[in-house]
*Asks:* 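Attaching a single structure in structure tokens format; questions to follow.
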Amino acid sequence: MKQKEKRKQGMARLIELSGEKNTALISSIVLSVIGTLCQLIPFWSVYRVMAELLKHTVTGEAINTELLIRLAVYGLAGLLAGYLATYLGGMKAHTFAYCVICGVRLKAAEHIGKLPMGYVSNNSVGKIKQILDADVEQIEGFLAHQLPDLVSTVVMLMAMFIVMFTENVWLALACLIPLAVGFVCQFTVMIKIMKSGGVQQNFDALEKISSSSIQYVKGMPSIKIFGQTVRSFRQFYDDIISYRDFTTKMTEVIRPGFVRFRMFVLSVATFIVPIGLLLFLKNPQDLSFVITYLFFLILAPAAATPVLKLRGFSENMNIITEGVKRVEAILNEAPLQEAAECKIPEKHDVAFSNVRFSYDENGKTILDGVSFTAQQGEITALVGASGAGKSTIAELIPRFWDVTDGSIKIGGIDIREIRQADLMEQMSFVFQESYLLSDTIYNNIVLGKPDATKEQVEKAAMAAQCHDFIRSLPEGYQTKIGDGGVHLSGGEMQRVSIARAILKNAPILILDEASAYADAENEHEMQLALTELIKHKTVIMIAHRLTTICNANQILVVEDGKIAEAGTHEQLMRKNKRYAAMWKAGMESANWRMEQGKEVSVQ
């Protein structure tokens with residue numbers, strides 16, 4: 001049997017996923033190497049100039065002025081050529097790096113869009129943001145700077161030591177040995193950190209801070225109202241303190257090896273000077289050795305710079321490797337299985353058949369044997385206490401999760417047999433927490449139908465009762481909302497969401513308390529907007545205020561993940577069970593008001 005081809009791993013895998021060819025990266029590395037070698041020419045020129053001057057001083061021969069000028073030209077040309085090649089290599093490396101991280105981010109974002117909602121629920125927004133933002137950004141730095149620098153640095157060191165060993169073995173060893181000892185000191189510590197999982201712990205800590213900081217910012221109004229500080233948000237405070245303690249501990253581990261590393265690397269001349277003097281004293285008349293000795297005193301200390309670069313590269317390589325693993329972990333998550341055939345329902349009734357669901361295999365059962373049919377052209381309302389399973393029922397219809405058992409069908413076709421893109425085309429949503437993009441109002445509405453005309457957008461806004469307030473904004477439909485723009489009220493955001501749903505005009509509509517944020521003045525407008533929206537559609541409405549759904553064709557009372565009651569408002573009231581009790585409680589709460597010193601129920 002033919003052995004399976006091994007899949008690329010790490011950085012090579014990410015480059016493969018980005019769809020970028022390695023040509024730009026290879027050319028950037030070649031240019032960086034050329035630039036590095038050219039930058040050695042000035043050192044060679046200085047050495048030859050000093051050798052010529054020393055020869056003149058010792059022997060009294062005339063200075064070869066033409067040679068000195070030529071050497072100066074060579075040095076300047078080498079410097080300029082080195083800078084030019086390095087610049088061109090850097091530009092190519094940066095272009096390649098940005099293309100790679102763009103491709104990786106798009107690939108990861110597209111992949112997350114295909115994952116079940118369980119992935120987003122089980123992984124905080126802060127963690128995903130940290131991976132796609134900071135971790136991927138480090139990959140850009142690696143490709144744009146460190147990888148070309150690594151190759152050029154290694155080439156420089158090889159060239160330097162080849163020349164050194166050619167000139168004098170003992171002096172070359174005097175330069176090489178302290179560098180090698182310094183690396184041993186450094187890598188001993190790095191291996192210890194890797195084995196202890198220090199790099200992984202660092203990434204975990206940063207993800208925790210990212211997650212808790214988002215929650216902290218969201219909770220800022222409450223923190224300010226009650227006059228609290230960051231310490232009052234215990235999770236955020238604990239994560240910051242934990243990261244401080246972790247980094248302090250890691251610094252204590254890293255510091256001894258790092259200090260010894262720098263001590264040996266930066267003191268190369270300290271080792272060369274005594275060795276050179278010993279060799280010189282054996283034959284003080286050897287002019288060629290003196291010239292060679294000067295060459296080492298010039299070139300050997302310069303070896304410290306590329307060696308320090310190598311140390312930085314080796315440290316960052318561990319960070320990059322961990323970052324790549326985390327990006328790969330997202331890409332390795334199994335997406336929802338797509339249908340093999342393209343089935344599109346002709347009818348749009350929604351039928352639940354003995355549906356059971358839990359978020360985890362061994363977790364709590366959220367829905368237990370739910371069966372009902374929401375007929376096309378009718379309103380089916382879901383009511384019940386918080387946590388009963390109403391929102392879960394609604395979220396299973398677009399396959400935010402797959403059912404654990406049973407089936408959900410649209411027009412007689414199991415939703416698992418409909419491709420995700422086609423399934424989403426069949427429905428619109430208006431949630432209680434309306435989410436709008438940080439973009440113009442126009443672009444937020446047209447999200448429901450990207451090819452819509454301006455007239456269609458305005459007509460949808462009129463039907464959603466939001467055209468007037470949009471026109472009163474500074475730039476009308478082109479007014480940006482969110483960060484850097486205006487902030488809409490909850491009711492205004494919901495009406496924009498309704499306009500988006502009206503524009504899309506999908507045959508199935510899911511409403512999750514769509515008028516929750518409407519005040520007394522605007523509730524009538526919201527009801528008009530919803531009346532326009534639900535015409536001729538299969539409507540599934542989650543409601544907490546029972547007065548909004550008393551005219552529904554079918555009301556389902558959800559309790560502990562089951563359908564406890566079903567019927568119209570009149571039928572359920574005659575049964576005088578759970579729904580009737582909820583209705584009476586709602587009416588009593590509507591008549592409740594507060595007076596100083598006592599509670600009054602208005603009858």
Side-chain angles (χ1 to χ4, degrees), residues 347-357 365-397 403 406-410 427 429-432 507-518 520 523-524 526-592 601-603:
K347 296 182 179 180
H348 298 96
D349 51 289
V350 179
F352 276 60
S353 178
N354 198 30
V355 169
R356 288 179 170 79
F357 174 74
T365 299
I366 306 300
L367 299 180
D368 187 9
V370 172
S371 297
F372 69 89
T373 298
Q375 297 292 344
Q376 183 173 350
E378 294 185 356
I379 300 173
T380 297
L382 303 175
V383 300
S386 297
K390 305 184 299 298
S391 294
T392 303
I393 290 173
E395 290 168 354
L396 287 177
I397 299 172
V403 299
S407 66
I408 302 173
K409 295 181 180 180
I410 296 177
M427 56 193 73
F429 304 85
V430 180
F431 292 116
Q432 180 176 351
I508 299 172
L509 177 63
I510 300 173
L511 303 172
D512 186 354
E513 195 60 33
S515 60
Y517 288 113
E523 186 166 7
H524 176 65
M526 290 289 292
Q527 294 301 328
L528 290 175
L530 291 173
T531 301
E532 180 68 24
L533 178 59
I534 64 179
K535 285 180 180 178
H536 314 301
K537 293 179 174 60
T538 304
V539 180
I540 297 175
M541 180 184 294
I542 300 171
H544 299 287
R545 288 186 290 182
L546 301 186
T547 53
T548 62
I549 51 90
C550 58
N551 293 323
N553 302 93
Q554 178 181 212
I555 299 173
L556 306 176
V557 181
V558 184
E559 195 171 60
D560 297 328
K562 299 179 180 180
I563 305 298
E565 292 181 86
T568 62
H569 172 75
E570 291 77 12
Q571 291 170 344
L572 293 175
M573 288 300 293
R574 284 196 296 269
K575 289 182 180 179
N576 198 28
K577 292 184 179 178
R578 179 62 180 151
Y579 178 82
M582 292 168 62
W583 178 268
K584 291 174 184 176
M587 292 299 101
E588 289 178 1
S589 66
N591 293 326
W592 181 89
S601 179
V602 181
Q603 300 297 330

*Asks:* Can you confirm whether Lys584 sits close enough to Asn576 that some side-chain heavy atom of one is under 4.5 Å from a side-chain heavy atom of the other?
*Replies:*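 The answer is yes; the side chains approach within 4.5 Å.
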
*Asks:* His569 vs Tyr579 aromatic rings, parallel, tilted or perpendicular, using cut-offs 30° and 60°?
*Replies:* perpendicular

*Asks:* So does Ala388 get a backbone contact from the side chain of Lys562, meaning a donor-acceptor N/O pair under 3.5 Å?
*Replies:* no

*Asks:* Gly567 and Leu572: which non-hydrogen atoms are nearest, and at how many Å?
*Replies:*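 Scanning both residues completely, I find the closest heavy atoms to be O-CD1, 3.7 Å.
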
*Asks:* Quick check for you: to the nearest 0.5 Å, what is the distance between Ile508 atom CD1 and Phe429 atom CZ?
*Replies:* 9.0 Å

*Asks:* Under 3.5 Å, side chain of Thr568 to main-chain N/O of Gln571, donor-acceptor pair present?
*Replies:*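 At least one qualifying donor-acceptor pair exists.
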
*Asks:* Determine whether Val350 and Met427 satisfy the following criterion, side chain to side chain contact (heavy atoms under 4.5 Å, CB included), listing intermediate values before the conclusion.
*Replies:* CA-CA 11 Å; Val350 179; Met427 56 193 73; over 6 Å; no

*Asks:* Could you give the distance from CD1 (Ile555) to CH2 (Trp583), rounded to the nearest 0.5 Å?
*Replies:*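 These two atoms lie 8.5 Å from each other.
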
*Asks:* Could you check whether any side-chain N or O of Lys390 sits under 3.5 Å from a backbone N or O of Gly384, counting only pairs where one atom can act as donor and the other as acceptor?
*Replies:* yes

*Asks:* Ser353 side chain to Ser407 main-chain N or O, any donor-acceptor pair under 3.5 Å?
*Replies:* no

*Asks:* For the atom pair CD1 (Ile410) and CD (Gln376), what is the distance rounded to the nearest 0.5 Å?
*Replies:*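 The CD1 atom of Ile410 sits 11.0 Å away from the CD atom of Gln376.
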
*Asks:* To the nearest 0.5 angstrom, please state how far the CD1 atom of Ile393 sits from the CG atom of Leu556.
*Replies:* 7.0 Å

*Asks:* Measure the CD1-CG distance between Ile542 and Leu511 for me, rounded to the nearest 0.5 Å.
*Replies:*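 Taking CD1 in Ile542 and CG in Leu511, the distance rounds to 9.0 Å.
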
*Asks:* For Val558 and Ile563, run side chain to side chain contact (heavy atoms under 4.5 Å, CB included): C-alpha distance rounded to whole Å, both residues' side-chain angles, the deciding distance at 0.1 Å, then the answer.
*Replies:* CA-CA 5 Å; Val558 184; Ile563 305 298; 4.1 Å; yes

*Asks:* Would you compute the distance between atom OG1 of Thr538 and atom CD1 of Ile397 and round it to the nearest 0.5 angstrom?
*Replies:*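 Atom-to-atom, Thr538:OG1 and Ile397:CD1 are 9.5 Å apart.
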
*Asks:* Shortest non-hydrogen contact from Met582 to Val557?
*Replies:*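 Looking at all heavy atoms of both residues, the closest pair is SD-CG1, 4.4 Å.
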
*Asks:* Is the shortest distance from a Lys or Arg side-chain nitrogen in Glu565 or Lys577 to a carboxylate oxygen in the other one below 4.0 Å?
*Replies:*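 Judged by the 4.0 Å cut-off on N to carboxylate O distance, Glu565 and Lys577 do not form a salt bridge.
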
*Asks:* Can Thr380 and Gln554 be counted as having a side-chain donor-acceptor contact under 3.5 angstrom?
*Replies:* yes

*Asks:* Hey, does the side chain of Asn553 reach the backbone of Ile379 with a donor-acceptor pair shorter than 3.5 angstrom?
*Replies:* yes

*Asks:* Does a donor on one side chain sit under 3.5 Å from an acceptor on the other, for Arg356 and Asn354?
*Replies:*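 Arg356 vs Asn354: donor-acceptor pair found between side chains.
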
*Asks:* Is the number of heavy atoms from other residues, nucleotides or ligands within 6.0 Å of CG (Asn551) greater than 12?
*Replies:*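 Check fails, neighbour count at 12 or below.
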
*Asks:* Tell me, with the steps shown, if Phe357 and Val370 meet side chain to side chain contact (heavy atoms under 4.5 Å, CB included).
*Replies:* CA-CA 9 Å; Phe357 174 74; Val370 172; over 6 Å; no

